[in-house]
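Beneath this line is the structure, given in structure tokens, with notes to follow.
Per chain, numbering begins at 1; letters A, B, ... match sequence-line order. Atom set for the values below is all heavy atoms of this structure, side chains included, hydrogens, waters and symmetry mates excluded. If you're wondering where the values come from, they're calculated on a predicted model, not measured in any experiment.
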There are 2 protein chains.
Amino acid sequence: MKLSTRGRYGLKAMFQLALHYGKGPIPLNVIASQQDLSENYLEQLFSALRKEGLIKSVRGAQGGYMLAKPPEKITVGSVLRVLEGNMAPVECVIDDTVSCDKEESCVTKLVWMKIKDSINSVIDSITLQDMLNEQKNLGK
Amino acid sequence: MKLSTRGRYGLKAMFQLALHYGKGPIPLNVIASQQDLSENYLEQLFSALRKEGLIKSVRGAQGGYMLAKPPEKITVGSVLRVLEGNMAPVECVIDDTVSCDKEESCVTKLVWMKIKDSINSVIDSITLQDMLNEQKNLGK
DNA sequence: AGAATGCCTAGTAATTTAGTTGGGATTACG
DNA sequence: CGTAATCCCAACTAAATTACTAGGCATTCT
């Protein structure tokens, strides 16, 4: 049960934007080369993040990307959900609609729900600002 | 970040074995047909579970599989780790050895560790016996 | 005008997942 | 004793997903 590169690259890139928050846009190629990623691939991730309102872009020369909101308003969960889809371990616990035809009394479903809730409570409780703070502590 | 069918099928099958614990072996084809799965595929999962000592087999006619330990001694975590590998969301937090070349002060790694710890604390706290108990409650 | 950017869609290569096939070994039962 | 029921194992294949790559258009700063 692994995250894909979308979540991994994406969160790291968002953190870069957070480090630069308030100082104007950063072009994609800068982030891509800092992290040694394909610029075109990262672009796809940023496109999704932009459509969901987490970042905004400035087109044209001297353009680039920046956070659409201050780092304390962006949770890790919101980033990961854009890039990875909902963070449920199985389809049947994504939302509350009954999706599992067979079993009304499915015990494994209870397990999957507990896993889902636990993941979500972690990722929704961490903001980019928290990560910035942790970065400072690591430096010391 | 989804579980594969290995974890999903496998846990459900282990639960079936738990329901039958103490009553002799159940043949694979019974479980496979109950859950409408390929017998041969399920066999691969059981082979792994057997090698890890979670279930044991009786060969020959009237043979089958049974739990190797009572349901209260088998955690969901031990089952999922056999079938899905370690349950870390990224490679770099699987064990304590330094695997990430670049960054000593990698903030995203802290996030991944928190996710990992939270998943593991959930799955290690649920046993097959807990699932049996929950089943009873659902019935009421 | 031209260079530096973002925007978009479609293609493709690599990897992983989810099986399938088929033959062998063991054992209960008639 | 022989046959059917079972587990055991390894190799193959098909399908799906992931991770890019390619390339052209749109916008804007200088």
A/Asp117 meets the side-chain contact (heavy atoms from CB on, under 4.5 Å) criterion, sequence neighbours left out, with none
Applied to residues 66-87 of chain A, the ring pair (Phe, Tyr, Trp, His ring centres under 6.0 Å) test, sequence neighbours excluded, yields none
Any chance the side chains of A/Gln44 and A/Asn40 put a donor and an acceptor closer than 3.5 Å? no
Taken in chain and number order and not counting sequence neighbours, the residues that satisfy salt bridge (charged side-chain N to carboxylate O under 4.0 Å, His left out) with A/Arg81 are A/Asp124
Could you pull out every donor-acceptor pair under 3.5 Å between side chains of residues 70-77 of chain B and any protein atom, sequence neighbours left out?
from: B/Thr75; atom 1: OG1; to: B/Ser78; atom 2: N; distance (Å): 3.0
from: B/Thr75; atom 1: OG1; to: B/Ser78; atom 2: OG; distance (Å): 3.3

Here the ring pair (Phe, Tyr, Trp, His ring centres under 6.0 Å) pairs for residues 51-76 of chain A, sequence neighbours left out, are A/Phe46-A/Tyr65
Ranking A/Thr5 and B/Tyr65 by the position along DNA chain D of their nearest nucleotide, the one closer to 5' is B/Tyr65
Note: chain A reaches DNA chain C at heavy-atom distances under 4.0 Å over the stretch, first to last nt, 5' to 3', of C/dA4 to C/dA10
The correct set of residues in residues 37-48 of chain B placing a heavy atom under 4.0 Å from DNA chain D is B/Glu43, B/Gln44
DNA chain D: first to last nucleotide in contact with chain A (atom under 4.0 angstrom from a heavy atom), 5' to 3', is D/dA19 to D/dC29
Walking DNA chain D from its 5' end, the first of A/Val58 and A/Leu3 to be reached, judged by nearest nucleotide, is A/Leu3
For A/Tyr41, the side chain to side chain donor-acceptor pair (under 3.5 Å) test, sequence neighbours excluded, returns A/Thr5
Taken in chain and number order and not counting sequence neighbours, the residues that satisfy side chain to side chain donor-acceptor pair (under 3.5 Å) with A/Asn86 are B/Lys2
Residue pairs meeting ring pair (Phe, Tyr, Trp, His ring centres under 6.0 Å), one or both in residues 115-136 of chain B, sequence neighbours left out, come to none
Hits for side-chain contact (heavy atoms from CB on, under 4.5 Å) against B/Gln62, two or more places apart or cross-chain, chain-then-number order -> none
Between A/Gly60 and A/Lys51, the residue closer to the 5' end of DNA chain C by nearest nucleotide is A/Gly60
